[in-house]
Q: 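Questions regarding the structure given below will be posed in turn.
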Amino acid sequence: MFKSKMEDYWDMNTIKVSIITVSYNAVDTIEQTILSVLNQSYRNVEYIIIDGQSTDGTQEVIEKYKDKLAYYVSEPDGGIFDAMNKGIKQASGDVIGIINSDDWYELDAVANIVPCFESGDAEIVYGKSRHIYLDGSVSYSENMPLSELWMHMSVSHPSCFVKREVYQRKGLFDTKYRIAGDYEFMLGCYSSGVKFKYIDKVIANFRYGGISTTDTVAAARETLQVAKTYMDKCFDCDRETLLKLWEQKDLEVRLREMFLYYPQILENHLTQAF
């Protein structure tokens with residue numbers, strides 16, 4: 001692809017941003033994701049797609065844009081966070097964003113994020129996400145105090161951009177978590193003093209329907225497991241209060257599990273009885 005001298009100047013003198021999309025059987029949504037990256041108003045962007053060997057036509061959609069991608073592979077993986085880690089290892093940008101194949105960016109997302117990194121006072125920058133529900137209704141993520149991270153994922157991951165050096169220091173996503181790997185990464189960063197910065201702009205659009213929004217019991221269980229792992233590093237809230245809140249959360253999760261599985265257990269008992 002031909003590039004003018006002005007484009008070369010732009011690339012050499014601005015922060016390079018790597019964006020990663022991980023996908024698996026997302027033929028209905030991935031093109032919107034891809035176009036939201038390729039059409040960013042900020043130009044110094046490299047785009048990486050890691051596909052889990054989709055079988056529904058997703059690969060064919062990606063192939064249409066292959067010449068615009070810095071890296072693309074379609075192969076089996078060990079889950080969503082393993083796929084994200086593959087993308088991070090390929091990234092050469094100063095800053096990394098991750099947008100899943102059923103979500104999409106606002107076209108000025110990167111342009112709004114980059115100045116926060118240029119000022120040098122942030123290592124993770126995040127903003128608002130627009131949430132789109134199955135019935136078509138919409139809501140927006142809230143700007144919660146970062147101390148809420150001790151309890152749950154209070155940062156909207158689709159809107160997050162992270163300095164590559166943070167991954168180099170902290171490490172990649174922990175693949176033992178099926179759902180809460182992003183929460184473990186963010187809490188690990190926060191507990192170790194990584195600098196966060198929030199901007200009051202919509203950065204990403206998040207479709208409900210992924211595993212974190214459908215398997216809510218497993219998501220809650222993993223979140224609680226991660227939170228307890230970092231208990232000894234809690235520095236900005238009262239630990240006794242935190243323990244009480246965790247006990248309450250644990251009870252809530254148990255009750256949700258009971259109501260989720262009780263009908264099947266009852267049916268099994270009735271089947272055996274008759």
Side-chain angles (χ1 to χ4, degrees), residues 1 3 7 10-12 14-27 29-54 57-114 117 123-126 129 156-175 181-182 185-186 203-207 210:
M1 185 183 298
K3 293 171 71 176
E7 287 175 311
W10 181 285
D11 288 352
M12 291 171 58
T14 59
I15 287 175
K16 183 177 182 180
V17 178
S18 300
I19 295 178
I20 300 162
T21 291
V22 299
S23 62
Y24 181 69
N25 287 350
V27 68
T29 58
I30 192 167
E31 190 159 33
Q32 184 177 23
T33 307
I34 292 171
L35 291 174
S36 79
V37 176
L38 297 181
N39 293 325
Q40 284 295 305
S41 60
Y42 186 86
R43 295 160 65 187
N44 195 5
V45 173
E46 72 169 7
Y47 192 21
I48 295 164
I49 298 182
I50 310 294
D51 181 68
Q53 211 164 56
S54 295
T58 296
Q59 292 190 60
E60 287 75 8
V61 174
I62 299 170
E63 287 285 341
K64 289 165 52 179
Y65 302 97
K66 191 173 180 180
D67 65 329
K68 296 178 173 62
L69 304 178
Y71 181 82
Y72 162 55
V73 68
S74 183
E75 62 186 15
D77 55 54
I80 188 170
F81 297 111
D82 178 47
M84 289 179 182
N85 287 344
K86 288 181 182 181
I88 293 166
K89 289 174 184 176
Q90 294 296 328
S92 64
D94 308 292
V95 171
I96 299 173
I98 299 175
I99 189 79
N100 290 338
S101 57
D102 47 1
D103 305 328
W104 72 96
Y105 284 129
E106 294 292 290
L107 296 183
D108 58 357
V110 180
N112 283 323
I113 287 287
V114 163
F117 290 107
E123 295 174 291
I124 296 178
V125 179
Y126 66 104
S129 284
S156 173
H157 191 241
S159 77
C160 285
F161 286 75
V162 180
K163 277 191 173 180
R164 185 156 59 102
E165 63 193 49
V166 172
Y167 288 109
Q168 293 168 343
R169 292 201 317 266
K170 196 270 180 195
L172 304 179
F173 293 104
D174 190 335
T175 56
D182 53 350
F185 178 81
M186 288 297 163
I203 301 300
N205 298 275
F206 174 77
R207 280 191 183 92

Q: For Q40 and L107, work out which heavy atoms get closest and say how close.
A: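 Where Q40 meets L107 most closely, the heavy atoms are OE1-O, 3.2 Å.
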
Q: Between T58 and A26, is there a donor-acceptor pair closer than 3.5 Å when you use the side chain of the first and the backbone of the second?
A: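 Yes; at least one donor-acceptor contact below 3.5 Å.
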
Q: If we ignore angles and hydrogens, is there a donor and acceptor under 3.5 Å between the side chains of S101 and Y24?
A: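 No pair is found: no donor N or O on one side chain lies under 3.5 Å from an acceptor on the other.
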
Q: Apply side chain to side chain contact (heavy atoms under 4.5 Å, CB included) to F81 and V22, showing your working.
A: CA-CA 9 Å; F81 297 111; V22 299; over 6 Å; no

Q: Taking side-chain contact (heavy atoms from CB on, under 4.5 Å) as the criterion, tell me which of I99, D182, D103, N100 meets it with H157.
A: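 Exactly one candidate clears the test, D182.
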
Q: Minimum heavy-atom separation for K86 and D77, please, with both atom names.
A: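 Taking K86 first and D77 second, the nearest heavy atoms are NZ-CB, 3.7 Å.
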
Q: Report the distance from atom CD of E165 to atom CG of D94, rounding to the nearest 0.5 Å.
A: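 Going from the CD atom of E165 to the CG atom of D94 covers 9.0 Å.
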
Q: Check whether any side-chain N or O of D174 sits under 3.5 Å from a backbone N or O of G181 as a donor-acceptor pair, and report yes or no.
A: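 Here the side-chain-to-backbone pair does not exist.
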
Q: Could you walk me through whether K163 and F117 satisfy the side chain to side chain contact (heavy atoms under 4.5 Å, CB included) test, starting with their C-alpha distance in whole Å, then the side-chain angles of each, then the deciding distance to 0.1 Å, before giving a yes or no?
A: CA-CA 8 Å; K163 277 191 173 180; F117 290 107; 3.8 Å; yes

Q: So, taking the atom named CD1 in I34 and the one named NZ in K68, what distance separates them when rounded to the nearest 0.5 Å?
A: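 Interatomic distance, I34 CD1 to K68 NZ, rounded to 0.5 Å: 11.0 Å.
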
Q: With a 4.5 Å limit on heavy-atom distance, are the side chains of V61 and V27 in contact?
A: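 Yes. Closest side-chain heavy atoms under 4.5 Å.
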
Q: Restricting to non-hydrogen atoms, name the atom on I96 and the atom on A91 that form the minimum distance, rounded to 0.1 Å.
A: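 Where I96 meets A91 most closely, the heavy atoms are CD1-CB, 3.8 Å.
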
Q: Quick one, D51 and Y72 - any side-chain contact, counting heavy atoms below 4.5 Å?
A: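 Answer yes - side chains close enough.
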
Q: Looking only at side chains, do E31 and Y65 share a donor and an acceptor under 3.5 Å apart?
A: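 A pair is found: one side chain offers a donor N or O, the other an acceptor, under 3.5 Å apart.
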
Q: Below 4.5 Å, heavy atoms only, C-beta onward: do E60 and E63 meet side chain to side chain?
A: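 When only atoms from C-beta onward are counted, E63 and E60 do not touch, as no gap falls below 4.5 Å.
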
Q: For the atom pair CE (M84) and CD1 (I50), what is the distance rounded to the nearest 0.5 Å?
A: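 Atom-to-atom, M84:CE and I50:CD1 are 11.0 Å apart.
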
Q: Less than 4.5 Å apart, any side-chain heavy atom of V110 and any of I19?
A: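 A side-chain contact exists here, since the closest heavy-atom pair is under 4.5 Å.
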
Q: Under 3.5 Å, is there a donor on one side chain and an acceptor on the other for S41 and D108?
A: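 No, no side-chain donor-acceptor pair sits under 3.5 Å.
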
Q: If you round to the nearest 0.5 Å, how far is CD1 of I20 from CD1 of I98?
A: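 Between I98 CD1 and I20 CD1, I get 5.0 Å after rounding to 0.5 Å.
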
Q: Determine whether E106 and I203 make a side-chain contact, defined as any pair of heavy atoms from C-beta on separated by less than 4.5 Å.
A: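 They are not in side-chain contact.
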
Q: How long is the span from the CD atom in Q59 to the CG atom in N25, to the nearest 0.5 Å?
A: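 So the CD of Q59 and the CG of N25 are separated by 9.0 Å.
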
Q: Quick one: CD1 on I49 to OG on S74, what's the gap to the nearest 0.5 Å?
A: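 That separation rounds to 10.5 Å.
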
Q: Do I62 and S23 have side chains that approach each other closer than 4.5 Å (heavy atoms only, starting at C-beta)?
A: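 The answer is yes, as the side chains (C-beta and beyond) meet within the 4.5 Å cut-off.
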
Q: Might you confirm whether atom NZ of K64 has over 12 heavy atoms from other residues, nucleotides or ligands at distances under 6.0 Å?
A: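 Above 12, so yes.
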
Q: If you measure only the distance, is there a donor-acceptor pair under 3.5 Å linking the side chains of S129 and S156?
A: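 Indeed, the side chains of S129 and S156 share at least one donor-acceptor pair under 3.5 Å.
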
Q: May I ask you to test the T14-Y42 pair for a side-chain heavy-atom distance under 4.5 Å?
A: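 T14 reaches Y42 side chain to side chain.
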
Q: Just wondering, do K89 and L172 contact through their side chains at under 4.5 Å, heavy atoms?
A: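 Yes, close enough: below the 4.5 Å cut-off.
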
Q: May I ask you to decide if the ring planes of F185 and F173 are parallel, tilted or perpendicular, using 30° and 60° as cut-offs?
A: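 Plane angle between 30° and 60°, so tilted.
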
Q: One thing to verify: whether K170 and E123 come together as a salt bridge, which I'm taking to mean a side-chain N less than 4.0 angstrom from a carboxylate O.
A: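 Salt bridge: no.
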
Q: Without swapping roles, check the side chain of E46 against the backbone of S92 for a donor-acceptor pair under 3.5 Å.
A: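 The answer is yes, because a donor-acceptor pair under 3.5 Å joins these two groups.
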
Q: Please walk me through it: do Y105 and F161 pass ring-ring contact (aromatic ring centres under 6.0 Å, His included)?
A: CA-CA 12 Å; Y105 284 129; F161 286 75; 5.6 Å; yes

